[in-house]
Amino acid sequence: MSVFKFKAFDIYQANSSLKVGTDAMVLGSFLEGKEKFKGLDIGTGTGILTLMLAQRNPELKITAIEIDSDSAQDATRNFETSPFLSQISLHVNDFLKHEFAGNFDLIFTNPPFYEDKLKGQNESVNLAKHVSQLTPELLMIKAKQILSETGSFWIIWPSDRIEKITTIAESLGFYTKTKIAINGKPETPVRVILELVLYTANSSNRDFTIRDTFGNYTEEYKILTRDFHNIEL
């Protein structure tokens, strides 16, 4: 599908390495942008997370950065055809090399996280899916440098490797404010969403299931995404 239609915007994705998926839908729906004014989307891809945040938070100005020029082409089109263009700026650059102006009170990312799986022949897909230069350590070090003292850093990561990412975060001085364990189906963990902060915070933990045992969307998924999806409750 080259175009994914949402209630308030469309996602054109013919050139992008990664298409719209449940990782982005769940992360974008859980992201809390209230009382945030300056956001950063690391590896924006099609721009879906940026548009979801902009839709819910009209005061939020978002910088989106994408290293892959083909994906950035789709993001540009999606931003320009949305009602939220005035809130968004896009940079086609390497996040690790880019010099940002000031700090952000909201940073979010759906990063590449495959390490051991075999790579394919499509280099753009490999860049989007596989850890290469953008290792978890370098991602978090740079994020910490540009995160405000009261800001939040949101990331989604595979469940079976969440200990590694939390260990890195703790070693850098991050605290886990929110932890959401995502199940693809009941009792089938697939991802974990973390909200990391630089101040001492009580951790809020919860589970969330996307589909039931029959493969249908759960009621909690429908409710979570109802501002964006056209799914009947």
Once ring-ring contact (aromatic ring centres under 6.0 Å, His included) is applied, do any residues pair with Phe100, and if so which ones, sequence neighbours excluded?
Phe95, His98, Phe104
When you look at Leu194 and Ile162, which way does the side chain to side chain contact (heavy atoms under 4.5 Å, CB included) test go after all the steps?
CA-CA 9 Å; Leu194 297 175; Ile162 196 63; 3.8 Å; yes
Supply the atom-to-atom distance Leu139 CG to Lys144 NZ, rounded to the nearest 0.5 angstrom.
14.0 Å
Give the ring-plane orientation class for Phe9 versus Phe84, where under 30° counts as parallel, over 60° as perpendicular and anything between as tilted.
perpendicular
With side chains defined as the heavy atoms from C-beta onward, is the minimum distance between Trp154 and Leu53 less than 4.5 Å?
no
What do you reckon, is NZ of Lys7 surrounded by more than 12 foreign heavy atoms closer than 6.0 Å?
yes
For Thr188 and Pro186, indicate whether the former's side chain and the latter's backbone hold a donor-acceptor pair under 3.5 Å.
yes
Determine whether Ile65 and Asn93 make a side-chain contact, defined as any pair of heavy atoms from C-beta on separated by less than 4.5 Å.
yes
Close side-chain approach of Thr176 to Asn205, heavy-atom, < 4.5 Å
no
Verdict with reasoning, Lys5 to Asp10, per salt bridge (charged side-chain N to carboxylate O under 4.0 Å, His left out):
CA-CA 5 Å; Lys5 291 188 173 295; Asp10 293 340; 3.0 Å; yes
Atom of Ala24, atom of Met52 and distance for their closest heavy-atom approach:
O-SD, 4.0 Å
Just checking, is any N or O donor in the side chain of Ser152 or Glu195 under 3.5 Å from an acceptor N or O on the other one?
yes
If two hydrophobic side chains count as joined below 4.5 Å and joins carry through other members, does Tyr199 share a cluster with Ile107?
no
In Asn183, Ile180, Ile193, the residue satisfying side chain to side chain contact (heavy atoms under 4.5 Å, CB included) with Phe208 is Ile180
Residue list, ring-ring contact (aromatic ring centres under 6.0 Å, His included) with Phe228, at least two apart or on another chain
none
Applying side chain to side chain contact (heavy atoms under 4.5 Å, CB included) between Ile155 and each of Asn110, Leu27, Thr109, report the one that passes.
Thr109
Under 4.0 Å between a Lys/Arg side-chain N and an Asp/Glu carboxylate O for Arg206 and Glu220?
yes
Between the side chain of Gln87 and the main-chain N/O of Asn57, is any donor-acceptor distance below 3.5 Å?
yes
Group every Ile, Leu, Val, Met, Phe, Trp and Tyr by side-chain heavy-atom contacts under 4.5 Å, then state whether Phe37 and Leu198 land in the same group.
no
Over all atoms of both residues, closest heavy-atom pair of Ser148 and Asn103:
N-CB, 4.0 Å
Point-to-point distance, once rounded to the nearest 0.5 Å, from CD1 of Ile88 to CD of Glu80
10.5 Å
Pairwise distance CG(Asn78) to CD(Gln73) - rounded to 0.5 angstrom:
10.5 Å
Residue pair Ser16 / Ser71: nearest heavy atoms and the distance that separates them:
CA-OG, 3.6 Å
When you measure from the side chain of Lys179 to the backbone of Ser203, do you find a donor-acceptor pair of N or O atoms at a distance under 3.5 Å?
no
Measuring from Asp68:CG to Leu18:CG, what's the distance to the nearest 0.5 Å?
9.5 Å
Check whether Tyr217 and Val26 end up in the same hydrophobic cluster, where Ile, Leu, Val, Met, Phe, Trp and Tyr are linked by side-chain heavy atoms less than 4.5 Å apart.
yes
Restricting to non-hydrogen atoms, name the atom on Leu106 and the atom on Gly33 that form the minimum distance, rounded to 0.1 Å.
CD2-CA, 4.1 Å
I'd like to know if Ile146 and Leu96 are part of one continuous hydrophobic network [Ile/Leu/Val/Met/Phe/Trp/Tyr, side-chain heavy atoms within less than 4.5 Å].
yes
How about Ile182 and Val192: do any of their side-chain heavy atoms sit closer than 4.5 Å?
no
Heavy-atom distance under 4.5 Å between the side chains of Leu51 and Phe6, does that happen here?
no
Apply side chain to side chain contact (heavy atoms under 4.5 Å, CB included) to residues Tyr221 and His229 and explain how you reach the verdict.
CA-CA 10 Å; Tyr221 177 83; His229 256 314; 3.2 Å; yes
Looking only at heavy atoms, what is the nearest atom pair of Pro83 and Ala8, with distance?
CD-O, 3.4 Å
What residue pairs, at least two apart or across chains, pass salt bridge (charged side-chain N to carboxylate O under 4.0 Å, His left out) with a residue in residues 43-58?
Arg56-Asp227
Flag, side chain of Ser159 to backbone of Val190, donor-acceptor distance under 3.5 Å:
yes
Which atoms form the tightest heavy-atom contact between Tyr12 and Asn15, and what is the distance?
CE2-ND2, 3.9 Å
If you measure from NZ on Lys36 to CD1 on Ile62, what distance do you get to the nearest 0.5 Å?
13.0 Å
Any donor-acceptor pair under 3.5 Å from Asp74 side chain to Thr46 backbone
no
Using side chain to side chain contact (heavy atoms under 4.5 Å, CB included), reason through Leu196 and Met140 one step at a time and then give a plain yes or no.
CA-CA 10 Å; Leu196 303 171; Met140 289 199 168; 3.7 Å; yes
I'd like to check Met25 versus Ile48 (side-chain heavy atoms, cut-off strictly below 4.5 Å). Are they in contact?
yes
Heavy-atom donor-acceptor pair, Asp105 side chain to Lys38 backbone, under 3.5 Å:
yes
Between CG on residue Leu31 and CG on residue Leu60, distance to nearest 0.5 Å:
10.0 Å
Would a 4.5 Å heavy-atom cut-off, applied to side chains only, mark Phe108 and Thr50 as touching?
yes
Count I, L, V, M, F, W, Y as connected when their side-chain heavy atoms are under 4.5 Å apart, and connections chain through other members. Are Ile210 and Phe4 then in the same cluster?
yes
